[in-house]
Amino acid sequence: MLQVNYIRENTQDVIERLAKKHFDGSKIIPEIIEWDNARKQTQTELDSILAESNNIAKQVGQLMKEGKKAEAEDLKNKSAALKESAKVLEAKMAEAEEKIKQLLYQVPNLPHASVPKGKTPEENEIVYQEGEIPTLHKDAKPHWELAKQYDLIDFELGVKITGAGFPVYKGKGAKLQRALINFFLEEATNAGYMEFQPPHMVNEASGYGTGQLPDKEGQMYHVGIDNLYLIPTAEVPVTNFHRDMIYKADDFPIKQTAYTPCFRREAGSYGKDVRGLNRLHQFDKVEIVQIQHPDKSYDTLNEMVEYVKTLLRKLELPYRVLRLCGGDMSFSSALTYDMEVYSTAQQKWLEVSSISNFETFQANRLKLRFKDTDGKTKLAHTLNGSALALPRIVASIMENHQTPEGIRIPKALQKFTGFDMIN
RNA sequence: GGAGAGAUGGCCGAGUGGUCGAAGGCGCACGCCUGGAAAGUGUGUAGGCUCCAAAAGGGUCUCGAGGGUUCGAAUCCCUCUCUCUCCGCCA
């Protein structure tokens, strides 16, 4: 959520920057300011009425003490009239506040200056590429066929007990999952992230805190009887740890990591993109989160990108880094880098990580603040990234490391799997 | 699930209708004291919104949340949430 004061002071600039995200702010932004003007004026009126009312209450108390009953009665009547007008103004306040909130919920975050123009994924900017794209033997297969051949993942069994998009991992397939989770958590710990095991369900307030609610309500699984949501990513519980917090500037950076399963309804997905492990309703992911001082958050973003690079390097996967264009970025991000691994068997790039700086967009909703060295309380910056999401990593390991003899496990992973080959 | 008790500032804790945004303590910050430290001592120490060009200062709201009674609510009433104790069930 953007801050009204910022919008007020940079109106034209805000509208221009929003255009890069293909959001037309020319109507809604002035509307927000208008409602805020109304809000301010109403509050000034309301405050003076309340002040008078408080004043009368004090006088009544005094008069009662002195036994001047008649005068006290007089003032009581006066107070009744004030109360009526206060009620009207209070309703007006509430209306304006609600309206402003509803409008602000619709406005996406402002893109960072470096965000490329563009509307479609094709217009994302490739900023880095590393690793050899392997030449595979002629019988090379996509992962869903390999999963069957080596009996690693049973999609049909998942359909039987739950539904499509809920695979069952078996044998070495299950062990590979566990190994990757351990590998990612150990790497993150070594990089200074504290490990957490958060709940896999969150309440409504947390959903609002990180922006899944109200707009993406249909994307989360909702347990109606207890009004809880299954988390779509560990970002939600971990970032919400910091809701309503005021840190000190030297508490930063706060670096946290968590493994959780992620649950996504993926309403509207269809076709070849959902084949095999490419898009699931439940998948595993290790997430990294940082809370940082606004002056340092872009250095931190780069640091996180560099960190994820080391993971892909250790997994011996060819990858590239994209700077997302305005049209492909998420609603709440200011700058996002996507990491994609090339799958030779599918002959396409698979997104395995997304690393974003949200600046104050999440912090504003979360009320995540810090006391700066100048003594002022300010909003902190939040960042997060996948490090990494398992399914497409599993797919690309299977596809890129396949040989006629079986699937080779990258060296860095072998101490976690306990085997070096799937055959 | 049943019964009871409770929720106050960073923490502990007083406060049962007015002078309470809130005693006292701890913690923290700054100063004095000291060769330095401890002890001692002094001062300060919530947040939101708003008025003011800004600073200073003022107004208003917030004692779990929401509503109500009252001229006036941390204090009384209602609803909800959460915590603790006991009972039941249970990995």
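Small disclaimer: the values here were computed from a predicted structure and weren't measured. All values below come from the heavy atoms of this structure, side chains included, with hydrogens, waters and symmetry mates left out. Every chain is numbered from 1, with letters handed out A, B, ... down the list of sequences.
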- Task: Looking at every strand, decide which applies to K371(A) at a 4.0 Å heavy-atom threshold: base, sugar-phosphate, or nothing.
- Result: sugar-phosphate
- Query: Within the structure shown, what part of the strands sits under 4.0 Å from L82(A) by heavy-atom distance: base, sugar-phosphate, or nothing?
  - Reply: nothing
Euclidean distance for [atom1], [N] against [M] (whole angstrom):
{"N": "G67(B)", "M": "G44(B)", "atom1": "P", "answer": "36 Å"}
{"N": "U34(B)", "M": "U16(B)", "atom1": "P", "answer": "46 Å"}
{"N": "G66(B)", "M": "C71(B)", "atom1": "C1'", "answer": "24 Å"}
{"N": "A56(B)", "M": "G48(B)", "atom1": "P", "answer": "15 Å"}
{"N": "A54(B)", "M": "A73(B)", "atom1": "P", "answer": "32 Å"}
{"N": "G47(B)", "M": "U81(B)", "atom1": "P", "answer": "31 Å"}
{"N": "A14(B)", "M": "C20(B)", "atom1": "C1'", "answer": "12 Å"}

- Query: When every nucleotide of nucleotides 70-76 of chain B is labelled 5' to 3' by its protein contacts under 4.0 Å (heavy atoms), B for base, S for sugar-phosphate only, - for none, what sequence of letters results?
  - Reply: BBS----
- Contacts of type side-chain contact (heavy atoms from CB on, under 4.5 Å), residue S48(A), not counting sequence neighbours: none
Result block: side-chain N/O donor-acceptor pairs under 3.5 angstrom for residues 186-194 of chain A, not counting sequence neighbours:
unit_1  : atom_1 : unit_2  : atom_2 : d
E186(A) : OE2    : K415(A) : NZ     : 3.3
E187(A) : OE1    : K314(A) : NZ     : 2.8
E187(A) : OE2    : K314(A) : NZ     : 3.3
T189(A) : OG1    : L185(A) : O      : 2.8
N190(A) : ND2    : E186(A) : O      : 3.3
Y193(A) : OH     : Q290(A) : NE2    : 3.0

Check nucleotides 48-53 of chain B for protein N or O atoms closer than 3.5 Å to its own N or O atoms and list the pairs.
unit_1 : atom_1 : unit_2  : atom_2 : d
G48(B) : OP1    : R369(A) : NH1    : 3.2
C49(B) : O3'    : R39(A)  : NH2    : 2.4
C49(B) : O2'    : R39(A)  : NH2    : 3.3
C49(B) : O2'    : Q43(A)  : OE1    : 2.2
C49(B) : O2'    : Q43(A)  : NE2    : 3.3
C49(B) : O2     : Q43(A)  : NE2    : 2.8
U50(B) : OP1    : R39(A)  : NH2    : 2.8
U50(B) : O4'    : Q43(A)  : OE1    : 3.3

- Qualifying side chain to side chain donor-acceptor pair (under 3.5 Å) pairs with a residue from residues 146-159 of chain A, counting only residues at least two apart or across chains: K141(A)-Q149(A), D151(A)-K170(A)
- Query: Using the ring of each side chain (for Trp, its six-membered ring), is Y128(A) parallel, tilted or perpendicular to Y319(A), with breaks at 30° and 60°?
  - Reply: tilted
- Query: How are the rings of Y221(A) and F263(A) set relative to one another: parallel (under 30°), tilted (30 to 60°) or perpendicular (over 60°)?
  - Reply: perpendicular
Donor-acceptor list for residues 90-112 of chain A side chains, cut-off 3.5 Å, not counting sequence neighbours:
unit_1  : atom_1 : unit_2  : atom_2 : d
E98(A)  : OE2    : Q102(A) : NE2    : 2.7
Q106(A) : NE2    : Q102(A) : O      : 3.3
N109(A) : ND2    : S332(A) : O      : 2.9
N109(A) : ND2    : F358(A) : O      : 3.2
H112(A) : ND1    : S114(A) : N      : 3.1
H112(A) : ND1    : S114(A) : OG     : 2.9

- Would you list the pairs meeting salt bridge (charged side-chain N to carboxylate O under 4.0 Å, His left out) in which at least one residue belongs to residues 11-21 of chain A, sequence neighbours left out? D13(A)-R17(A)
- Task: Grab the CD1-C1' distance between I246(A) and A46(B) for me, whole Å please.
- Result: 8 Å
- Message: Which residues pass the side chain to side chain donor-acceptor pair (under 3.5 Å) test with H242(A), not counting sequence neighbours?
- Response: Y247(A), Q256(A)
Please tabulate, for side-chain N and O atoms in residues 200-209 of chain A, each donor-acceptor pair with protein atoms closer than 3.5 Å (sequence neighbours left out).
unit_1  : atom_1 : unit_2  : atom_2 : d
N203(A) : OD1    : A205(A) : N      : 3.4
N203(A) : OD1    : S206(A) : N      : 3.0
N203(A) : OD1    : S206(A) : OG     : 3.1
E204(A) : OE1    : N227(A) : ND2    : 3.2
S206(A) : OG     : R243(A) : NH2    : 2.9

